[in-house]
Chemist: 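What follows is a single structure, and I will ask about it in a moment.
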Amino acid sequence: MSQAQNAQTKLEELRQSALAKMQGAASSKDLYEVKVEFLGKNGFLTEIMKEMASLPKEEKPLFGKLVNEVKQALEQSYQQAELKLKAHEIEEKMANEEMDLTLPAVGGGNQGSEHPVAKVTDEIVRIMSRLGYSLRQGPWIEKDFYNFEALNIPANHPARDMQDTFFIDPTHVLRTHTSPIQIHSMESERPPLRILGTGAVFRCDSDISHLPHFHQIEGMCVDRHVSMADLKGTVSFFVREFFGAGLKTRFRPSFFPFTEPSAEIDCTCPICKGKGCSLCKSSGWIEIGGCGLINPKVFGFTGVQYPEWQGFAFGFGIERMAIIKYGVEDIRLFVENNLKFNQQFE
Ligand code: PHE
């Protein structure tokens, strides 16, 4: 057999085997692999073209033509087979896949929303800024001095039991309240002061109305001639702006080591407007926080001169404010990060 005949036979074998493989391809992916195998850059057809170099000159044109014909034929069969397989694949997909029209749209489904704690914080800051208050923050890990000592809660004092403390080491704690921010502010700024301290606080406590990690916001005013009446006026203004016009505020005598006198703050239950409901346990009143005039002993720890300067402070739990305002039934919802829960506060 001449070299040319030999090459032609090879070409014919190639064509037959490529066609058979294309017919037999079970999927468009398999079919594509066959195409690469025969028609690809390093495929069999390219391989056989290289043999042309060693053919006698006069036989080259004919052989080249044959190779081109085979190439075209294979390309055509590939396209036909591909059409058929793809159509079949789409049909199969349609038959087997169900479309769930209730699924959120691509791109729109996971849109986040502001967390209610952030939203309530912003709202309180906005209201109090109208009275000249501005925001301060402090560290989560506090020296015993800032969380207790300087707030007139000495070591071994029973008042420490009011707050179940997480200790980092014997002299550092996860802050149990935002009141240490009062001390930082009095140390680093000069009165008159109107500040809001806010952020996360930590207590070893967990049930339907307590989280070990929650948030507080508190206001502090240090100025000349500050009285209980100023405190009451400030808190009443806040209650009406935050919970609704017409709601009343009342103070009940209480105790905090850092304020003297101290009071618990109640307001008309915003849910039932004082008529009595499950949230206010039928009393018509709901407790929202604590307050008092700054204890002169606290000034003593900071260098602020009393009685030239006097002050008051009041503090709220942010999750509790959201619970009361929006009627949330379980405080643990605030830490579940369920988008549907968060979106209700938009
Ligand atoms: N720090 C107090 C607490 O966490 C709340 C409070 C703040 C009371 C400011 C009085 C004044 O219980």
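Heavy-atom basis, side chains included; hydrogens, waters and symmetry copies ignored. Position 1 is the first residue of the sequence; numbering continues from there. Atoms within a ligand are numbered from 1 in the order they appear, just like the ligands themselves.
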Chemist: Thinking salt bridges, do K297 and E260 make one under a 4.0 Å N-O criterion?
Modeler: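 So K297 does not pair with E260 through a salt bridge.
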
Chemist: Taking the six-membered ring for Trp, are the ring centroids of F238 and F316 within less than 6.0 Å of each other?
Modeler: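 Yes, the ring centres sit under 6.0 Å apart.
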
Chemist: Any idea which residues sit under 4.0 Å from ligand 1, heavy-atom distances?
Modeler: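 Residue list for ligand 1: Q163, H177, S179, R203, Q216, E218, F256, F258, G290, C291, A313, F314, G315.
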
Chemist: Between R15 and E12, does at least one N-O distance fall below 4.0 Å, as a salt bridge requires?
Modeler: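 A salt bridge links R15 with E12.
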
Chemist: Under the side-chain hydrogen bond (donor to acceptor under 3.5 Å, both in side chains) rule, what do S27 and E89 come out as? Steps first, then yes or no, please.
Modeler: CA-CA 8 Å; S27 67; E89 278 163 12; 4.7 Å; no

Chemist: Testing Q16, E37, E33 one by one against K21 for a side-chain hydrogen bond (donor to acceptor under 3.5 Å, both in side chains), which residue passes?
Modeler: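 That would be E37; it is the only one of Q16, E37, E33 passing the side-chain hydrogen bond (donor to acceptor under 3.5 Å, both in side chains) with K21.
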
Chemist: Are the aromatic rings of F258 and H177 close, with centres under 6.0 Å apart?
Modeler: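 Close enough - the centres of the two rings lie under 6.0 Å apart.
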
